[in-house]
Structures are given as structure tokens and as C-alpha cells.
Number of protein chains: 2
Amino acid sequence: MSDLFAVLAEPSRRRILDALRRSEGLLVKELVSGLGMSQPNVSKHLRVLRTAGLVSETAERQGRRYRLRADALREMDDWLRPYRAFWTNRLDELGDYLDSTHPNEGPQP
Amino acid sequence: MSDLFAVLAEPSRRRILDALRRSEGLLVKELVSGLGMSQPNVSKHLRVLRTAGLVSETAERQGRRYRLRADALREMDDWLRPYRAFWTNRLDELGDYLDSTHPNEGPQP
DNA sequence: CAGTTATATAACTGTCAAGGCATGTAGAAG
DNA sequence: CTTCTACATGCCTTGACAGTTATATAACTG
């Protein structure tokens, strides 16, 4: 489970990240009640996310606060970058030209 | 396996997409020899990719040509977008300020 | 110290998918 | 029609988790 893509393949983990993104860090109990998952399940997922460098953990009096480490997502963004060109550059700048010369190779609706 | 993220969690499938991205479509046999995977394995992955809308297939005399459908990756890009702001805006514009006030909360090397 | 709260961990179980092997199939070639 | 090529598909085994339940740990409270 050391692969970033495999870590993010779990919908529950993406939901955890989404929740952390909208807040300035959350306690485990807040994630449990907020997402409606069992506490051990949340803890397990947090462990995976932590191992992947996607979240950080700090101890507090009321519990442990987990924060997003969005930086770890750059690897995914890097992989995606060359593909992004297919619908940003190509379609916007060269779309008409390509469509007129290779009408069957453009993206289908 | 209808979840895009789960589909892309497989390294072999990402390699297939990478290969297709660099070319204007490839035959199955070309993928097999180029990636060094077994033919049934490649066919299976292609089926998954096709179901996810990530590749398209056209029949030719020499075989079946698969092409990238980068458009299907937009869903992943959309999910990533709000996170991207964390290292584009925040780090570039406020990075120095945050580093000077919370030196331990910045991205680790 | 006893009890409560917050979280982690261990053990177990069910599910699911990846990869290998063998086989089916369709088209071109002879 | 037979053979080869290119590809798909079915079956099988194995391994990897996800989720639950039960229990451990740690800190705070009274």
C-alpha cells in the first residue's frame, strides 16, 4: 500500500482528505461522527494516509488532530500533467485545426 | 471496478495509458511487446480501461488499435483541483510568511 | 485508584481482483 | 478448407485489503 494511487483508490480515504481539506485539521472523533464510519476503520485509514505522507498528526489534550499534507498529492498531479494537455491545449488552441484534418481522432462527446 | 481511481490504481494500466499517450494508438501486440506483459493480461486491462472510457478501440487489418481517451481523466483532475491550490497559491504567495510563523508546518523535504 | 474518553491495534472474515494457463474466435493467408 | 496470427475470454489460485469486533493504551477526571 505504498503506492499513492492505490491509497487514493479507496473512496473512504478520499472522503477523509476532502474533510481535512475543508478544515484546519480534525480530531479522529470528529471524522468518525462527520463521515459516519466506525472509529477503528477511520484510524486504519488515517494510518495508511499518514504512511503515504498525505496527513500529519499532532497530539492535543482532546485527542489527536490530523491535518492535510496536500504536498504529497503532487506526485499524482505530475502524472496527470501530460494528459491535461489533451483537453487544455489541444482542444482550445489546436482543436479546430485537428478536427478538420483528423476528424475521427478528437474526443467523443 | 467502475471507479476511475480504482482503475488507475493498477500500475500496469497506467503504463498502458502512458504508452498510448505517446503514440497515436497502438495494437495489442505492440503493447504486449512494448510493456513486456502477457497478452491475456494486456487484453484484460484494456477491457477495464475501455469500460472506464479511458481508451477506445478500432478494428484494423493487422489487429485492434487502442487509443487514449484523455477526456475521461477529467474526473480525476476535478477531484485534484481544490488540492492543487494548496501548493500553487498558498505556498507561492504565502509560503515565506507561513514558514516564518509556523516553521514546522511547511512541507517536509 | 477507579472510571471515562479518545485512539490505536490485533485477530478474524469476506470479498475482490491480478495474473497465469488454457481455450475460443475471427480474419487473413496459403 | 486449413493454418497462422491477433486477440478475447473463462477458469483457477493466490494475495491483498476493507470492515467488524474485541481489546490494549494513554490521558484526563473525579
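In what follows, chains are A, B, ... by sequence order, proteins preceding strands, each numbered from 1.
- One atom, CG of A:Leu46, and another, P of D:dA18, lie 13 Å apart when rounded to the nearest Å.
- Between the side chain of B:Arg65 and the backbone N or O of B:Thr58, no donor-acceptor pair lies under 3.5 Å.
- B:Glu57 has its CD atom 14 Å from the P atom of C:dA26, to the nearest Å.
- As rounded to whole Å, 14 Å separates atom C1' of D:dG19 from atom CZ of A:Arg15.
- Residue B:Tyr66 places at least one side-chain N or O closer than 4.0 Å to OP1 or OP2 of D:dA8.
- Side-chain atoms of A:Tyr66 and A:Ile16, non-hydrogen and from C-beta on, never get closer than 4.5 Å to each other.
- A 4.5 Å side-chain heavy-atom check between A:Leu54 and B:Tyr83 finds every atom pair outside the cut-off.
- Each of A:Pro40 and A:Val7 has a nearest nucleotide on DNA chain D; the 5'-most of these lies closest to A:Val7.
- Dashed line: the shortest gap from a side-chain N or O of A:Ser43 to OP1 or OP2 of C:dA6 is not under 4.0 Å.
- Between B:Arg13 and C:dA18, a side-chain N or O to OP1/OP2 separation shorter than 4.0 Å is present.
- Between A:Leu8 and A:Met76 there is a side-chain heavy-atom pair separated by less than 4.5 Å.
- The distance from atom CE of B:Met37 to atom P of D:dA8 is 13 Å, rounded to the nearest whole Å.
- Under 4.0 angstrom from either OP1 or OP2 of C:dG19 there lies no side-chain N or O belonging to B:Ser38.
- Two residues are said to be in side-chain contact when any heavy atoms from C-beta on lie closer than 4.5 Å; A:Arg13 and A:Leu17 fail this criterion.
- Rounded to an integer number of Å, the gap from NZ of A:Lys44 to C1' of D:dT23 is 14 Å.
- For D:dA6, neither phosphate oxygen OP1 nor OP2 lies less than 4.0 angstrom from any side-chain nitrogen or oxygen of B:Arg64.
- Applying the 4.0 Å criterion to OP1 and OP2 of C:dT9, one finds that A:Arg47 has a side-chain N or O inside that range.
- Between B:Asn41 and C:dG19, a side-chain N or O to OP1/OP2 separation shorter than 4.0 Å is present.
- Nucleotide D:dA16 holds its P atom 13 Å from the CD atom of B:Glu10, rounded to whole Å.
- Pairing for D:dT23 goes to C:dA8, judged as Watson-Crick or G-U wobble with the two contacts each under 3.5 Å.
- The nearest whole Å value for the distance from the CZ atom in B:Arg50 to the C1' atom in D:dC7 is 14 Å.
- Atom-to-atom, CG of A:Leu35 to P of C:dT7 comes out at 13 Å; the value is rounded to the nearest Å.
- In this structure, B:Met1 reaches the sugar-phosphate backbone alone: every heavy-atom distance under 4.0 Å involves primed, P, OP1 or OP2 atoms, never a base.
- Residue B:His45 places at least one side-chain N or O under 4.0 Å from the OP1 or OP2 atom of C:dG19.
- Below the 3.5 angstrom threshold, one finds no donor paired with an acceptor across the side chain of A:Gln39 and the base of C:dA6.
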